[in-house]
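First the structure, in the form of structure tokens, and then the observations on it.
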Amino acid sequence: MLNKKIPAASRTSVKGSLSYIIACALACVSAALMLALVDSDHNWGGDFSQYIAQAKALIAGTIPTQIANNTLMMSLNDFPYGPNVYPWGYPLLLAPVLAIFGENLLALKCVNIALFSLFIICFYCYVARRFSMGASITLTLAFALNPMLLSFVSGNILSDIAYMCASFIAVVVLQAFVAPLEQASKLAASTMATNNSFNNSLGGGA
């Protein structure tokens, strides 16, 4: 019997499918841990209430009123507590959940859990193209099982994770369609370092 070689295209397809399966499995493990940590409480720090208020304004069509009210509130503070309005991207993500479940903090926290899970999938698929399977899994688990990240994601309704996820996907898309692969690797690594510092000034605050 003659040994038939598997075409390169088929090997690439199998490897790609396996990468997606592993990525989804890692994301599911991370999501399960975050769901186990999530609760219906929220700390009084941060800007979660403003994000929810802006999401409610999107649903009700009262954006000018929301901006005017918050501008007045900020002007009455002795120090600049926060901006008059945050970027609308994250409130837009919260709006459908808010419309369906109301002011349910458990449901609203699941937005960040879903976004972080998406990040885990994208991150693994990204590194799997450059490293061995074992190294890729190890690198991804550094995010997926990171206690600080799991606690932050499951406990806060803030824009940091949405910004990190969007920024990383943007860099990957840029690398795939615009920049040469070798040159863009440094750009991706630099952006990941910036995202992990939770840069509020660029991400619209948290």
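The first residue in the sequence is number 1, and the count goes up from there.
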Quick check for you: to the nearest 0.5 Å, what is the distance between [X] atom [atom1] and [Y] atom [atom2]?
X      : Y      : atom1 : atom2 : value
Tyr124 : Ile137 : OH    : CD1   : 4.5 Å
Asn146 : Leu141 : CG    : CG    : 11.0 Å
Ile121 : Ser19  : CD1   : OG    : 12.5 Å
Leu72  : Asn77  : CG    : CG    : 10.0 Å
Leu108 : Tyr51  : CG    : OH    : 14.0 Å

Flag the pair [X] / [Y] as yes when at least one side-chain heavy-atom distance between them is below 4.5 Å, and no otherwise.
X      : Y      : result
Asn112 : Val38  : no
Ile157 : Tyr90  : yes
Met34  : Phe152 : no
His42  : Lys109 : yes
Cys110 : Leu35  : yes
Leu115 : Phe119 : no
Ile63  : Trp88  : yes
Phe143 : Ile120 : yes

According to a 4.5 Å side-chain heavy-atom criterion applied to Ile, Leu, Val, Met, Phe, Trp and Tyr, with indirect links allowed, do [X] and [Y] form part of one hydrophobic cluster?
X     : Y      : value
Ile67 : Ile59  : no
Ile52 : Ile161 : yes
Leu98 : Val111 : yes

Mind checking what makes salt bridge (Lys or Arg N to Asp or Glu O under 4.0 Å) contact with Asp41, not counting sequence neighbours?
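Expected list: none.
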Tell me if the CE atom of Met73 is crowded by more than 12 foreign heavy atoms within 6.0 Å.
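Yes.
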Taking all non-hydrogen atoms of both residues, which atom of [X] and which atom of [Y] are closest, and how far apart?
X     : Y     : value
Gly82 : Met74 : O-SD, 3.5 Å
Leu92 : Pro96 : O-CD, 3.1 Å
Val97 : Leu93 : CG2-O, 4.3 Å

Run the side chain to side chain contact (heavy atoms under 4.5 Å, CB included) test on Ile113 and Leu37 for me, step by step, so that the C-alpha distance in whole Å, both residues' side-chain angles and the decisive distance to 0.1 Å come before the verdict.
CA-CA 11 Å; Ile113 292 176; Leu37 292 172; over 6 Å; no
For Tyr126, is the NZ or CZ atom of Arg130 found under 6.0 angstrom from the centre of its six-membered ring and inside 45 degrees of the ring axis?
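That pair qualifies as a cation-pi contact.
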Between the main-chain N or O of [Y] and the side-chain N or O of [X], is there a donor-acceptor pair closer than 3.5 Å?
X      : Y      : result
Asn84  : Ser75  : no
Ser136 : Val127 : yes
Ser154 : Leu150 : yes
Asp47  : Gln50  : no
Gln54  : Tyr86  : yes
Ser159 : Ala162 : no

Report all side-chain donor-acceptor pairs from residues 22-32 shorter than 3.5 Å, counting only partners two or more places apart or in another chain.
residue : atom : partner : partner atom : Å
Ser30   : OG   : Ala144  : O            : 3.0

Derivation and outcome, side chain to side chain contact (heavy atoms under 4.5 Å, CB included), residues Leu139 and Phe123:
CA-CA 9 Å; Leu139 288 170; Phe123 182 80; 4.1 Å; yes
